[in-house]
Every structure is written in C-alpha cells, then in structure tokens.
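Step one of this worksheet: look at the structure below.
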Amino acid sequence: MDYQFAAIEKKWQQFWADHQTFKALDETTKPKYYVLDMFPYPSGAGLHVGHPLGYIASDIFARYKRLKGFNVLHPMGYDSFGLPAEQYAIQTGQHPAITTEENIATYRRQLDQIGFSFDWSREVRTSAPDYYKWTQWIFMQLFNSWYNKAADKAEPISKLVEHFEKNGSSGVDSVCDDEVLSFTAEEWKAMGYESKQTELLKYRLTYLRESTVNWCPALGTVLANDEVKDGFSERGGYPVEQKKMMQWSMRITAYADRLLTGLDTIDWPEPLKEMQRNWIGKSVGALVKFRISSPTQPSPVGRALEMGEGEVKVSPTGGDLVGAIEVFTTRADTIFGTSFLVIAPEHDLVKPLTTPAQKAEIEAYITQTKKKSELERMADAKTVSGAFTGSYAINPVNGEKVQVWIADYVLAGYGTGAVMAVPSGDQRDYLFAKQYNLPIVPIIDIQNIETEADPTKEGRYINSGFINGLTYKEATATVIAKLEELGVGKAKINYRMRDAIFGRQRYWGEPVPVYFKDGLPHLIEEKDLPLILPEVDKYLPTESGEPPLGRAEGWSYKPSGPAPSKSPPVGETLKPNPNAHLTGNYRETADPAYYEQLKDYSIANRQNPTEAENVLWQLLRNDQTGYKVRRQHAIDQFIADFVFLQKGLIIELDGHHHKLNKEADDARTEVLNYFGFTVMRFTNGEVLKNSTRVVEQIKETLNSLNDRDITKFSGTAITSEAKVSPTGGDLEGAGEGFQYELSTMPGWAGSSWYWYRYMDANNDSEFASKQAVEYWKDVDLYIGGSEHATGHLLYSRFWNKFMKDVNLVIEEEPFKKLINQGHIQGRSNFVYRLIDDLGKGTNTFVSHGLVKQYQTSPIHVNVNIVENDILDTAKFKAWRPEFENAEFILENGKYICGVEVEKMSKRYYNVVNPDDIVKRYGADTLRMYEMFLGPLEQSKPWNTNGIEGVFKFLRKFWKLFHDDAWNFSVSADEPTKAELKSLHKIIRKVEEDIDRFSFNTSVSSFMIAVNELTEVKCNKKSILQDLVVVLSPYAPHICEELWVLLGNAAGTLSYAPYPKFNAAYLVEDEFAYPISINGKTKMNLNISLSLEPKDIEAFVLASADVQKYLDHKVPKKVIVVKGRIVNIVL
RNA sequence: GCUCAGAUGGUGGAACUGGUAGACACGCAGGACUUAAAAUCCUGUUCCCGUAAACGGAGUGCGGGUUCGAUUCCCGCUCUGAGUACCA
C-alpha cells in the first residue's frame, strides 16, 4: 500500500497511549536520562507551528536515548496559573479553572497528534491543588529558613533563634537590606514576641516588607522586575509605576554570589549566562562616607540623624559635622578627582540637606523629574540636569569641601543612591560638570579630558595626595586601606539584582499559606495544606482596594486541633492586620470579656518591657512631665505603650519594624484620632540614642494639647457613632478565624520547582520521595526559550539551591545542559490593492513584481491561501466578502504575493496551525520538516515552502520496503558493500549530530541515505531494519509500522538497541585527491590511500594532466596531506 | 552606548579540528510519461565571459593580515538580530 500516514499515525498514537509505552521506570538498572521541555502556559489560542519546535527536538533526543539504553524521563505538564485566564474571567465571568481546563484539552489534543513520547502518567498542572500544595509547602520552608552567610547556605530559622539566645546578634552575618538590630543574648530574651518575630522577618528567605514595587494599575497588581520592559508590563503593555507597598519578597539576593559562580559549572548558551550575569550585576567597589559640612542647616540634618534615616550617622564630636553621605564607587582610586557629590532626587537626605536659599530650586527640580515618565527619562539619557542643595560635604582623603547636588542620573535604587562625581573619569559626571561649571580635575598623567571624560586605568596618578605616582591596582588598594583606617569607608560588593517581589494582587494563583495574627504573618499548619483557592463572586479587587481574594466569603484561618492557650504569648500586643490597608477598619469592642483579656495582655507586657520602654518609663514615670502616665494600658481594643489619659496623648514605641507595620499603624492612628487621642511614635533606636530629645518632644506636645473631652466618647456612644466599618480585624477569640494573606503567588512560583514533581508526580505525602530525587537527581537536557533567562531560569536556580541547602534535593544546579530553541517567526504574505485617482482603494490587485508600475497599498493576506508565494485567487475571493469580485493584474499568469517576516500573530494572518500540517502531510513530516528548517537554536520564519521535499523523502523511504505495486517486499539477501556503507554512514552521522544537537543535518543525511539506497534499489532486510531504528526518533510512526511489517513485535521499536557503528564498512582503498595549483583546485586524481606522501607527490607530478599545468616549470613546493589534498606551489 | 550572536546562490541552509565552498531541500528552467491535468521520474541550476561542450575568470558582508592553502584564525569597518541601559 502507498504511504497512508493518517491511518498509520492514528494507529500508533493509540497503541502508545494504550500500552503506556513511554512510562519512565522507577526501578531499573538502566542509567537515567532526564529530558525536559519548558512546560507551556495553556493559552486560548492553542499551539501554532512555532511551539512544538523545542518539543520535537527534545522528543527526538529522548527517543534516541531510549534506543541507547537509558531509562528516560520525558514528561510534560502545564504552567496553568496566570494572567490571561484571569483577564478572560474578568471579561466573561467564566471561572479561570474552566477556561484553563478547556485550553489544556486543546493543547493535549494538539500535542498528541504530533506523536510525542511523553510519560503522561506524570503530568503536572501548577493550578491543581495537589500540585500547589507543594508550592505552598516550599514557601513555608523558605519562610522557616534564613541565610547563614558564614556557612554560605540556608539554615532553619530555629538555628538563628538558638544563636540569638546564646550569643545575641553578634557573629550573625546579615543578608538583609534593612537595618537589623544589634543585641545581646539577654536583650534578645527580654524582647517581646512581636519584636522577636519582626526581627526574624528580616532574616527569613521569604518575608513581608514595605518595598518599592512595580505597580501596574491596569492589571491591578505588582509585577516583578523581569515582568516589566521599558516601563510597561510585559503582558499587555500597560504602564507601570513605582509605588510603596507591603509585599512578600523572596530573598534571592542572598544567593547572588552562588547564582553567579554556579553559571561556570553548567552547560548553557553563553548569551543566556551573560544575561544572568548582567541581571545579577555584581560590581566590586567601595563605600565611602563624605561628612556633611553645613553650619547653616543644623536642625533638619540633626533631625534626620535621630530618625535614623538614610546613612546619616551621629558625629560623636558634634560641631558642624552633623552627618555623612555614603556613596558607592567602583573607582575608589579616583577619589581625589571628586569635584562634587550627587544624590538621587528621592534620597532621604535631600530634604535635610536643602538650604532655605535652594529650597525652591530643589523642589522645582524634584517636581520636574517626577513628571517625567520612564520613557522620557530614557530618551533624555544623553542630557543631564540637576540642582544644587546648598550643602557641602567633605572629601575624607583631602578634606576638600565639595558641593552636594541632586540629579536624576543618579538612581535611588542602586548602591546607596549617592555618587561621588569624578568628571575626569566618568562621562555623565563630565557632562554635569560642564553644564553647571563645576571643576574637572585630571588625576592620571596620561588622561585626555579635553572634550570628554577619560576612564582610563593606565598611567600614574597625579593631583592625588598619597597615591600620586601609583598604578591603578596599587591606588585602589591604598585608598581602600586608608578609608578603612579612617573609619570612613570599606570595600563593598554591590549587586544590581533586587529581592524578588512575590505577591500578586490577583485571583488566579497559589494562595500564600499565611494568616495574620496580631499584625504578624504566621504560617498555617502543614496539615492544613493545600490552602485551596477560594471562590469569589468577581475576579476584581474589592471596593476597599484589596485583592480579589478579599471577596471570598468566610475565608479565614481557624487553626484546628487544640485551642490556643488562654494566656497570651509573652509580650504580645494586639495590632491590626497590615493587610487591612489604609482605611482603618476596626471593630468596636463591646465585649467585656475581650476587654478583660486585653488587660491580661497588658499585665504580661508590663512584666516584659523592651529596653527602650524601660528607658522611657524611667524618664516619664512619677509625673515627671507634670502629667500622669500609664504604660501598657488597654484602650478600647488596643494596648498603648504609654498613655497620658488627661491629655489623650498616646506614645507608641515601634522599634525598627515600624516600617513593616506602617500602614496598619497609620490606620490605628486614624482610629485613635477619631476617639480623640493624639498619637506620637518613636522608634526604639530614637529612644535609646537620644532619650532627652524624645522626652522634650513629648513635653512640648503635652503642653500644646487641651484636655481630652471624654464625654464626647463614652459608653455605647462610641460604638454607635463610629464611622468606621466593621469589616477587618484579626481579633483572637472573635470566633471568625484569622485573616489570610490576600495576595497570591506570582506566575513563577509553580515553575520554580516543577521538574522535581515529575520525578514522583503522584506522591501525596511529599513533593517527591527522597528515593525519586536521588535517582533522577537533575535535568540532563532542558529545552526552552531564552525569554526566561532572567525570570524562570534564575528563580528555579535560586529555589533549587535553597532546596539543596535544606537537604530536600541533592544537586546544586537543576539544569545541567540547556538549549534555547529559536523562535519561529511568522512569514506574512501581502497582496497589493490598486489605488484609484481619488486615492481610494479599488478591487484590483497587482502582482508583487509589478507594484512599482502602479499606485498600490499592501494588505495582509491569509498565508494559508498562498502556496509558494502564489496566491490562490479563487480562495482569495472566497476569503472575505469584500474581495468577492476582486480582479488581478498577473505576472506570467500568476499572482505573486509580497513577503515580510513578522511575529506570528492572528492580526497578520500568518499563523500556521500544526493541525493543518498534520492533516495534510502527517506528523512525521511535520516533525522532520521542523528540524530540517535549520539549526535548532536559530530563530527563523516559518515557511511551509519546502515541506514537500520532506514528505517526498518519507514516501521514498516507504517505497524502499515496497515493490512497484506497493506490496511490502524485502529480501533476506546479504547486503552489498555499498549498501552497508550507506547504512553505517547514517548510523554514525546521527550519533554525531545528536551529540551537538544538529538535527537539521541529520535530516539531510537521512535523505542522502535513502537516495543512495534507492539508487541501488536496496530492499535488504538487514539494511532496512537498522535504518528503521536509526530514523525512528525522527519519524516514529512510519518506523513503527515498518518495524512490525519487518516481523518485529509491536511496541518494541522504542526500546530496540541502536545499531552498532562499524567503521570497517567505511574504509576506502582509494581517494580522489583534489590537486590544486597555488591553492586553486584544478582536478581530482584517484590515488590509493595506502600510498605515503612522498609516493603521492611523485605520482601526482608524473601525471600527464598535472604536467600540462606545470608547463615545464619546477614546483617550488608540494604539500601533500594524506587523505585530504595535494597542493602544488609554482 | 555596552554585551552577545550573526552575515554563504533566487530561498532555507551544509561545509564538525584551516584542506575540493554551495551538501540536502525548496524554487526555477528544460524534458519524459499523459488526450490533458495532478502525481511521478530524468536533466540542468553560484555569478561573469564564452558557449553544444571543454576551457578561463571572480566568488562566503567590506578592507587588510597570517598561511602552501582561510567561510573557518587575527586586526579594522559596515550591516542585521537579541539582550541591556544614566548601575556610579
């Protein structure tokens, strides 16, 4: 029978599915091989021909490895949480789970018909509760861990607590951006529960913190840095703005160095490694403190000092040196060339540094920069602008007084947000100095700074004090040593990478397994996993701006098991949920029992004061302010740290976690204000560093306040008059459970560990069994797109390293070998509509070759009605009603379409669906053609134009096994030498090509082999059977069919041994040596390969043809490379 | 701007360590079969000169270099694609 691909393919796909042919073994003596594809997001559009490219390559590889005797794990699944399904849900009200389910069904159908050898018994879906249970579980492990810099690995947080209890904070190397507290073991033990937890949150690998985030108002969510491109969201292209929000973050920066060095151990494409290196952005340099010299403005600077803001440090001596600006530089050697300092407009010190004279100018500049969009800022990159603060700073190495400016070319988010400007060496500083007439001092003898900065590191230093005459290397070391000696600087490694924001204010994602109690995040119990995504009425934020999960009714955490102990944890105070956001929704407490409980808490608090509380208590007690003060006093539903009841003044000591709970604190202040209280807040640091000033401020405030009018707020009147809505709150014992975290996890959460789930996909007691992890270890070959370089691939490496640290997995790197398949671009076709005299489009279309003779406008035409760029005019007329009566101006009787390479997209009518290709040519042709298109890693436009060649090849291959009447017919005769040679050439070629992932050249070689065998009319079973095995990874269906026709058992081909290459069949006794004269090939001569170079030379020179060229001249030189070439130099 | 990748016929591409440039395929042209078309098969197909053909010259983005010999190695430049961008 002729090659009936449709029937053959259907039959074998069914067979493989029924027999689970590709199920990976869990127990075997075979070596393992793990071939993985990046799993797809199941979008509504289904697959186009570009998607399977990588899957086909990996499938060929997986099938090849099976033939080579490996136990191959080749799984597939779906990254099924994500924005598009949710956007669709918002528009249609359709639950994302339903659309996701439908899309997955489409994907599965499309994948199945291409004949992949996936082990579907291990399928994963990130949106399935039995999967995201483990995503949540890993989140919990991260929460329960911290990064021990000394050991350079993550450890359980309990070990940190142990350390604190024994040694206090000394000896702990922090990896936190925030300032951590210093304390002794005793002080730690004396800390309240809340303070302890707040402090620990600064160490946990996933943590809650107020951070500047990329907020996308259109999507209603925050985005990670890698999801933002040029100030717009990667998905949808909506504008993104910076905003401060309380957010979950992942402390990926703790792993910055390991992520960087690990790159050297893995076989990945160099560009991709480079992208990760840039993203991590390690720069080695120094921190330098420039003391501020400004007698004109002591008070604002002084205030900033006490607030512990920025980098201002208290000057022990006082005087006019009231603080310092800390800068980061990679060129400490150029410090003598510093002619001014520049700080970012958003820098904390801008306000205190601005003198009254400069105030207007600075404010105007800040307003101007704020108005500039991200794009405008980038467009302005070549110009510089700024404003002088009026303050000066002192260069620590030479005591020189330099101006402090603000400018938007200095970024608040990088380094310290401040730079020392060295115009002679830095082009931006140079431009700035020129523009504002600031000094430019050359500091290296060979420097040429006539027209631009010269960042040279060659030459010797001049104008540079104690480093004059030194080289770059010497100077850098000397300067840093000197700075350290002076206590004003130190060597510092800076990373560009920031911690990854982990929360999304969206519905369709993994719920974070956290609830809030007393304003602090707590993990739910492990036995309560998975925390199921609740149902909501709408997939939109709530009216009060909370994420969609805020709509879930009755969704709160009620710890099961034994009720929590009645006596509250020591030192615990009640604080609002930080997630309650600004509005301050506090329930009125009419419950006397609850008030009693509060009083118990108060007593406990009083017995366990913090150090700062104690200090302040000593200063305020016994009416030292003239008013009676109470501490840890229950007011309504709060416990105030200190309260002057008569004046209605509440003093709150917040420690450094103040920032953490800022929104909640603000909310509480609002409510207390409503009840007639004034609230003052101080940090523990302020009290400890300058208690006198704190007390003075309290006294001032007390004196400025009238007595509190308690009659206005008494009894039930409070409750009934309360304007605040009783929605939020997290009050213990309220009987409603605790508020869950309302954000969900970002898209990359589920994909950061999925390759481990495939190892043991159906395990419901572990993410994967230890046994499975130890057997499969890591991914041997990973194929996917380079667009995941700084997202998925970085986060996965991070989670993997963490999981290794806590002994969940055994490999440091998850993906040993990675290949980026190129993108398949669209190839658009155009027709050219004639434009009439009035400039209007007519119904006449001009063939591409003739467009220059007419006035036309191009129109995209559906590529599926075009073949080899020739338009099917009948189909064109039927394509759209408006073209029904179209007329054509043809060339050579054909309408030729124009061509352009664009993104494959519906709107360009250039989408080619693999279904259509499979229907017309079959899966085997599609598979081979996609490989034949070119090197896997190269991006290329899809062009169906050459697919006939591959189809013809498969028919020709099929024909080898059949006689002219299409009857199956092979002979048992001994193969000839030529046949064996053809076979063994392809056996070796496929092995070599697959080792370097050169699939396209293998397809060519198959064609050569089949052409050669057809030429000699080979139908020898021994040859053809081996050929079937070698071709089977590429064209599995046709090969399975022929394998069985050859008399083998069905289903055994996938595990048949790969034919053994025998070099003996390729040995030649003669070689047609190319003979070149002066490097130009003139002829070929057949010479025995047994001849040695000397004899070859004699033979060649004696040849009559060669003599003709020599023309009686004596060659200057004859080069003979055995088996390669002969070159005669005249 | 910086970093990386790349540039070979009409098209996709091959040439793996410096050794016959253009494999394999598409397209195109001519031919066979056929009443005809489709399908199939055969021949030719880098360019230029010339032409039945032999033969000659040029040729892997451009300009140099190293070498007996360079698509391959080195230097400079142009262009294309990707990433990144006031990163101090």
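Lettering follows sequence order; numbering is per chain, from 1. Computed from heavy atoms alone, side chains included, the values below leave out hydrogens, waters and symmetry copies.
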Open item on the list: Under 4.0 Å between a side-chain nitrogen and a carboxylate oxygen: does that hold for A:R277 and A:E270?
Closed with: yes

- [ ] Examine B:U84: is either OP1 or OP2 under 4.0 Å from a nitrogen or oxygen in the side chain of A:R277? Give yes or no.
- [x] no

Open item on the list: Which nucleotide, if any, forms a Watson-Crick or G-U wobble pair with B:G63, using both distances under 3.5 Å?
Closed with: B:C75

Task: Sorted by number, the residues of residues 950-961 of chain A with heavy-atom contact under 4.0 Å to RNA chain B - done: A:K952

- [ ] Name the pairing partner of B:G83, where a pair is Watson-Crick or G-U wobble with both distances under 3.5 Å, or state none.
- [x] B:C2

Open item on the list: Go nucleotide by nucleotide along RNA chain B from the 5' end; which of A:N494 and A:E270 gets its closest nucleotide reached first?
Closed with: A:E270

TODO: Starting at atom CZ of A:F328, determine the distance to atom C1' of B:C86, rounded to an integer number of angstrom.
DONE: 16 Å

- [ ] Sticking with atom P, work out how far B:A25 lies from B:C77, rounded to a whole angstrom.
- [x] 42 Å

Open item on the list: Nearest to the side chain of A:V419, heavy atoms from C-beta on, is which of B:A88, B:U20, B:C86?
Closed with: B:A88

- [ ] Provide the Watson-Crick or G-U wobble partner of B:U45, both distances under 3.5 Å; none if there is no partner.
- [x] B:G27

- [ ] Using a cut-off of 6.0 Å, state whether more than 12 heavy atoms not belonging to A:K490 lie near its atom NZ.
- [x] no

- [ ] Give none if B:G69 has no partner; otherwise give the nucleotide forming a Watson-Crick or G-U wobble pair with it, both distances under 3.5 Å.
- [x] none

TODO: Would you kindly compare A:E274 and A:A1072 by the position of their nearest RNA chain B nucleotide and give the one closer to the 5′ end?
DONE: A:E274

Task: Salt-bridge present (A:D267, A:K273; N to O < 4.0 Å) - done: no

Task: Pairwise P distance for B:A36 and B:A32, with rounding to whole Å - done: 11 Å

Open item on the list: OP1 or OP2 of B:A21 versus the side-chain N and O atoms of A:T1081: is any pair under 4.0 Å?
Closed with: yes

Task: NZ/NE/NH1/NH2 to OD/OE distance under 4.0 Å, A:R827 and A:E902 - done: no

Task: Interatomic distance, A:F432 CZ vs B:A88 C1' [rounded to whole Å] - done: 14 Å

- [ ] Give me the ring orientation class for A:F328 and A:Y414: parallel if the planes are under 30° apart, tilted from 30 to 60°, perpendicular past 60°.
- [x] perpendicular

Task: Separation of B:C87 C1' from A:L287 CG (nearest whole Å) - done: 14 Å

Scan nucleotides 11-17 of chain B against the protein and return all N/O pairs shorter than 3.5 Å with their distances rounded to 0.1 Å.
from, atom 1, to, atom 2, distance (Å)
B:G12, O2', A:L933, O, 2.6
B:G13, OP1, A:Q938, NE2, 2.5
B:G13, O3', A:N1000, ND2, 3.4
B:A14, OP1, A:N1000, ND2, 3.0
B:C16, N4, A:K989, NZ, 3.4

Open item on the list: Whether the side chain of A:K1017 engages the backbone of A:E1015 through a donor-acceptor N/O pair (distance < 3.5 Å, no angle test) should be reported.
Closed with: no

TODO: Please state how far atom OH in A:Y929 lies from atom P in B:C24, giving the value in whole angstrom units.
DONE: 18 Å

TODO: Run the salt-bridge test on A:R988 and A:D993 with the 4.0 Å N-O cut-off and return the result as yes or no.
DONE: no

Open item on the list: Partner lookup for B:U51, please. Criteria are Watson-Crick or G-U wobble with both distances under 3.5 angstrom; report none if nothing qualifies.
Closed with: none

TODO: Rounded to the nearest angstrom, tell me the gap between atom CG in A:N945 and atom C1' in B:A25.
DONE: 12 Å

Task: Separation between the P atoms of B:G81 and B:C28, rounded to whole Å - done: 29 Å

Open item on the list: Show, in sequence, the C-alpha distance, side-chain angles and deciding distance for A:F432 and A:Y409, and conclude whether the ring-ring contact (aromatic ring centres under 6.0 Å, His included) test is met.
Closed with: CA-CA 10 Å; A:F432 200 83; A:Y409 79 85; 5.6 Å; yes

TODO: Would you confirm whether the ring centroid of A:W966 sits within less than 6.0 angstrom of the ring centroid of A:Y3?
DONE: no

TODO: Can you tell me the distance, in whole Å, between the CD1 atom of A:I1008 and the C1' atom of B:G22?
DONE: 13 Å

Open item on the list: Looking at A:N1086, I'd like to know if its CG atom is crowded, meaning that more than 12 non-hydrogen atoms belonging to other residues, nucleotides or ligands lie closer than 6.0 Å.
Closed with: yes

TODO: Please measure how far the C1' atom in B:A14 lies from the corresponding atom in B:U8, and state the result in whole Å.
DONE: 10 Å

TODO: Tell which nucleotide pairs with B:A21, taking only Watson-Crick or G-U wobble pairs whose two distances are both under 3.5 angstrom.
DONE: none

Open item on the list: Nearest whole Å is fine: how far is B:C86 C1' from A:W405 CH2?
Closed with: 18 Å

Task: B:U84 and B:G65, which share atom name C1', separated by this distance in whole Å - done: 34 Å

Open item on the list: Can you see whether A:S998 engages A:T1001 through a side-chain donor-acceptor pair at a distance of less than 3.5 angstrom?
Closed with: yes

TODO: Taking only Lys NZ, Arg NE, NH1 and NH2, and the carboxylate oxygens of Asp or Glu, determine whether A:D257 and A:K282 approach each other closer than 4.0 Å.
DONE: yes

Open item on the list: If I take atom CH2 in residue A:W279 and atom P in nucleotide B:U3, what distance separates them, rounded to the nearest angstrom?
Closed with: 20 Å

Report each atom pair, protein N/O against N/O of nucleotides 67-71 of chain B, whose distance is under 3.5 angstrom.
from, atom 1, to, atom 2, distance (Å)
B:C68, O2', A:N1127, ND2, 3.1
B:C68, O2, A:N1127, ND2, 2.7

TODO: Could you work out the separation of B:G31 and B:A21 based on their C1' atoms and round it to a whole Å?
DONE: 30 Å

- [ ] Pick the P atom in B:C62 and in B:U11, then give their distance to the nearest Å.
- [x] 15 Å

Open item on the list: I want to verify the glycosidic state of B:G9; is it syn or anti under the 90° rule?
Closed with: syn

Open item on the list: Checking contacts here: which listed nucleotide (B:U20, B:C86, B:C4) is nearest the side-chain heavy atoms of A:P1074?
Closed with: B:U20

Task: Pairwise P distance for B:A7 and B:C74, with rounding to whole Å - done: 14 Å

Open item on the list: Using modelled atom types and a 3.5 Å cut-off, is there a donor and acceptor pairing between side-chain atoms of A:E1012 and backbone atoms of A:A1009?
Closed with: no

- [ ] Measure up the A:F932 and A:Y929 rings against each other and bin them: parallel (under 30°), tilted (30 to 60°), perpendicular (over 60°).
- [x] tilted

